[in-house]
Undergrad: 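One structure, pasted below without further comment.
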Number of protein chains: 2
Amino acid sequence: MKEKCTIDDIARLAGVSKTTVSRVLNHKPDVGSATRKRILRIVEEQGFVPNITAAGLAGGRSHLIGVLLPSFTSLYVLDIMRGMAEAVDDTLYELVLYSINDRASTKDKGDVIERILTSKLTAGLLAIMPGQLSSYVTRLHKPGFPVMTIDDQEAIPSVPRISADNRGGAYIAVRHLLSLGHSRIAHIKGPAHYLCARERYQGYCQALEEAGLAVEPGLVLEGDFQENSGFQAARRLFSLPSEQQPTAIFAGNDLMAYGVLSAAAEQGIAIPSELAVVGFDDLSSSALVRPALTTVRQPFHEMGRLGVKRLLTQLSTQLYIETSHNGMHGRKFYEREAPAATEHIQLATSLVVRASCGASHQQVNPT
Amino acid sequence: MKEKCTIDDIARLAGVSKTTVSRVLNHKPDVGSATRKRILRIVEEQGFVPNITAAGLAGGRSHLIGVLLPSFTSLYVLDIMRGMAEAVDDTLYELVLYSINDRASTKDKGDVIERILTSKLTAGLLAIMPGQLSSYVTRLHKPGFPVMTIDDQEAIPSVPRISADNRGGAYIAVRHLLSLGHSRIAHIKGPAHYLCARERYQGYCQALEEAGLAVEPGLVLEGDFQENSGFQAARRLFSLPSEQQPTAIFAGNDLMAYGVLSAAAEQGIAIPSELAVVGFDDLSSSALVRPALTTVRQPFHEMGRLGVKRLLTQLSTQLYIETSHNGMHGRKFYEREAPAATEHIQLATSLVVRASCGASHQQVNPT
DNA sequence: CTGTTAGCGCATTCAC
DNA sequence: GTGAATGCGCTAACAG
């Protein structure tokens, strides 16, 4: 583990040219296995770590992946980031954090995003819940600069995205309540401009309809995904004539479910005996609130991990295309038509059963 | 905002050499103000963003700051990171994320850290709660590579660190309970090998002693900072003969306070009327648990922000030293004695009063 | 299979 | 004040 050590150093030690060393380091096929072995040994001995800055500059291709996160950020972005870090762990890539200042105007935020591209620091971008920033993010996604959104509020047709199965999660949540004998199940929706809010509502409707129950407009309210809106919505539900009151509430997310819990406590409504409550997200605090919240778990960790994996795949695909076409200009992916997979990956959610719905503790998976 | 734009491009447009452009970009004094103005205008027009990768390579000095975060990571690291992102926002620096895989052995983790240095990607490192990794982090901290720990479990003499005023926070928390009339105040300590746990205990003792009360060994238990240990500790306190039972519990952190809340609920002990509870940290969930938790708020955001600021200061100091000594080798800070400020910055904490202690809602600041 | 030759985009000596 | 030359550490074209 010498102070510093360049490719030239180990080339000298191995008695070969640095080109050859570079080749084995980059897993090129065309190197004699004897030489390769010797080089690898010396690399090991010296504890040589290539300078990815230089590699990026020379190769015209950075080894950094940008992570964009808006700062109105929720607890679970940590899980997402942990997943991303894990995926990047045994690669040559590293993660660069781009946090957007809340107080800035949307236009300023757009500027920040523009710079991400123009600075050419990163090879691609993972946007965690870009929300209002989506339009800017879209602009970045060109051939040569892959972008992927994670859990976006809106589906951008041209950009690949990863999300949880919101509809399916809502479906199993409501199914669970139905199996517990509830027939008057209310729902507090998230804002209509959130895709996930609409999907969850669809799952709710589907489960009811399959059970032969009508969706009662009076039992469906809309919140803003914040705790207080859940609180307010619950109050309105509690003020309904007693024969119209729900026996269960499926909240669009955990935060609003917390609001329901508070409202119930205020009104002296016992949970789960008088009212069952189910949320969506499984924030880490949902195991801590009292009563502990039954909720739909989103696979945040996996979403982050997969996001990186797919991005890396796209990056290496680009490389392949570039190489196979060579004969034209070296580094111009820009002029070729996009091979970009604009796919949508949807990950399964699962129901985490805790005290707030009155069932025994267990985990229910979708079938 | 052209597709790409290098320093040469704008040099051409301005009719000067790229050297001159480079000079104004780096705020060198020796450039004619007319030329400088013209260059700046063109830079603006073209939306030119320098390639920090190349700048790093050429200058021998990276513009990236590493952020090391262990993955047993708590909710509040988000706040810390947000603070760091904010501080970096209007500088040329960016943040690179290094997350350590939990499942790896301590030695493997050490290897990861070694690579952080040898890869020379970053100019310095901010270690968030390194804990067991501290020894490795220490090794990184040489002149030329500033390291700063944030909220470390242990004080490493040679490394500058930022932490909250744990002793002071505990002190005001207990003072608050005393002012509410409590005289039998229990404390659930964190693990003794955590510096912050010991400091909080000291604050507890100091407040009691100043009030003329003895620290009763029977009222001081030790947990592990996890919820369940708080639960167990509370149970033991509740099983004391009634005349020995505490009327208030100061938990070493919020998680353990949650455990106390659960244990109280289990035993039918009303909070705050029969028992006051105070935590430490102010996790975002502490406003959500029922009853809402009175707790000591740590300035996580500020800790992150300041961490970056100080690191940047150190970086620019190095630069100055390097420049002023030039005449010797250009980039060898290594052989010079360390100017490294090994200071310790301690930030004030504040008490957030909520329902669990029985006082009216307010915020108490240390005097 | 391997070595040689050129840069990547910029900062930093030196000259003028 | 300004420009020309050199190189950071590495990859990628080109020849053998």
Side-chain angles (χ1 to χ4, degrees), chain A residues 4-12 14-39 43 46 48-63 92 118-121 123 319 322-323 325-332, chain B residues 4-12 14-39 43 46 48-63 92 118-121 123 319 322-323 325-332:
Chain A
K4 65 192 286 188
C5 180
T6 73
I7 254 198
D8 299 69
D9 294 333
I10 81 136
R12 204 170 308 119
V16 294
S17 76
K18 55 184 171 192
T19 316
T20 310
V21 176
S22 170
R23 278 197 263 261
V24 341
L25 256 25
N26 291 298
H27 308 97
K28 306 283 185 195
D30 47 355
V31 166
S33 75
T35 339
R36 152 168 282 135
K37 237 178 172 171
R38 185 156 37 91
I39 292 178
V43 163
Q46 302 294 316
F48 170 70
V49 178
N51 180 327
I52 79 175
T53 297
L57 222 209
R61 180 170 39 258
S62 151
H63 285 163
L92 283 179
T118 53
S119 78
K120 301 211 304 175
L121 212 210
L319 211 56
E322 173 192 19
T323 323
H325 280 229
N326 78 18
M328 309 179 63
H329 274 342
R331 263 163 222 147
K332 297 248 171 162
Chain B
K4 65 191 287 187
C5 179
T6 72
I7 254 196
D8 299 69
D9 294 334
I10 80 137
R12 203 169 309 120
V16 294
S17 75
K18 54 184 169 189
T19 315
T20 308
V21 177
S22 169
R23 276 197 264 261
V24 342
L25 256 26
N26 291 297
H27 308 96
K28 305 284 186 196
D30 46 355
V31 166
S33 74
T35 338
R36 150 167 283 133
K37 235 177 175 172
R38 184 155 38 91
I39 292 179
V43 163
Q46 302 295 314
F48 170 69
V49 179
N51 180 327
I52 79 174
T53 298
L57 223 210
R61 179 171 41 259
S62 151
H63 286 163
L92 284 178
T118 53
S119 79
K120 302 211 303 175
L121 211 210
L319 210 56
E322 173 193 19
T323 322
H325 280 228
N326 78 18
M328 310 179 62
H329 274 341
R331 263 162 221 147
K332 297 247 171 168

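Numbers restart at 1 for each chain; the letters A, B, ... are given by sequence-line order, proteins then strands.
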Undergrad: Rounded to whole angstroms, how far apart are CG on A:N51 and C1' on D:dG9?
TA: 6 Å

Undergrad: Considering only side-chain heavy atoms of B:A58, which listed nucleotide, D:dG9, C:dG3, C:dC10, is closest?
TA: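 Closest nucleotide among those given: C:dC10.
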
Undergrad: Please state whether the phosphate of C:dA11, meaning OP1 or OP2, lies under 4.0 angstrom from any side-chain nitrogen or oxygen of B:S22.
TA: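 Affirmative; the distance criterion is met.
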
Undergrad: Between C:dG7 atom C1' and B:L57 atom CG, what is the distance in whole Å?
TA: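 Those two atoms, CG and C1', are 13 Å apart.
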
Undergrad: Of the nucleotides D:dA12, C:dA11, C:dG9, which one has an atom closest to the side chain of A:T19?
TA: D:dA12

Undergrad: In whole Å, what is the span from the CG atom of A:D9 to the P atom of D:dG9?
TA: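 In whole Å, D:dG9 P and A:D9 CG are 9 Å from each other.
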
Undergrad: Establish whether the base of D:dG1 is bridged to the side chain of B:R36 by a donor-acceptor pair shorter than 3.5 Å.
TA: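 Counting by modelled atom types and ignoring angles, no donor-acceptor contact under 3.5 Å is found here.
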
Undergrad: Working note: B:D9 + B:F48, criterion side-chain contact (heavy atoms from CB on, under 4.5 Å); need CA distance, chi angles, decisive distance, verdict.
TA: CA-CA 9 Å; B:D9 294 334; B:F48 170 69; over 6 Å; no

Undergrad: Using a heavy-atom cut-off of under 4.0 Å over every strand shown, decide if B:T6 touches base, sugar-phosphate, or nothing.
TA: sugar-phosphate

Undergrad: What's the shortest heavy-atom distance between A:R38 and A:G15, and which atoms?
TA: NH1-N, 4.5 Å

Undergrad: May I have the distance from A:K18 (atom NZ) to C:dT4 (atom P), rounded to whole angstrom?
TA: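 Value for this atom pair: 10 Å.
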
Undergrad: Between atom CG in A:L121 and atom P in C:dC8, what is the gap in whole Å?
TA: 19 Å

Undergrad: Within less than 4.0 Å of OP1 or OP2 of C:dT2, is there a side-chain N or O belonging to A:T35?
TA: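 For C:dT2, OP1/OP2 do have a side-chain N/O of A:T35 under 4.0 Å.
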
Undergrad: Measuring from the side chain of A:A55 (C-beta onward, heavy atoms only), which nucleotide among D:dT2, D:dT11, D:dG3 has the closest atom?
TA: D:dT11

Undergrad: Which sits closer to the 5' end of DNA chain D, B:D30 or B:A54, going by the nucleotide each is nearest to?
TA: B:D30

Undergrad: Relative to the 5' end of DNA chain C, which residue comes earlier, B:R23 or B:D8, by the nucleotide with the nearest heavy atom?
TA: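 First, find each residue's nearest nucleotide; the 5'-ward one identifies B:D8.
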
Undergrad: Can you measure B:K120 atom NZ to D:dG9 atom C1' for me and round it to whole angstrom units?
TA: 9 Å

Undergrad: Taking all non-hydrogen atoms of both residues, which atom of B:I7 and which atom of B:K18 are closest, and how far apart?
TA: CG2-CB, 3.3 Å

Undergrad: According to a strict under-4.0 Å criterion, is A:R61 in side-chain N/O contact with OP1 or OP2 of C:dC8?
TA: no

Undergrad: Nearest-Å distance, CD1 (A:I39) to C1' (C:dG3)?
TA: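 Those two atoms, CD1 and C1', are 12 Å apart.
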
Undergrad: Ignoring the backbone of A:T20, work out which of C:dC10, D:dC10, C:dG3 is nearest its side chain.
TA: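 Looking only at side-chain atoms, A:T20 lies closest to C:dG3.
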
Undergrad: Ignoring hydrogens, what is the shortest heavy-atom contact between B:V31 and B:R23? Give both atom names and the distance.
TA: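 The pair with the smallest heavy-atom distance is CG2-CB, 3.7 Å.
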
Undergrad: Taking atom types as modelled, find out whether A:S17 and A:T20 have a side-chain donor-acceptor pair closer than 3.5 angstrom.
TA: yes

Undergrad: When the distance from CG of A:N26 to C1' of D:dG9 is rounded to whole Å, what number comes out?
TA: 13 Å

Undergrad: With a 4.0 Å cutoff (strictly under), does any side-chain N or O of B:K28 reach OP1 or OP2 of C:dT12?
TA: yes

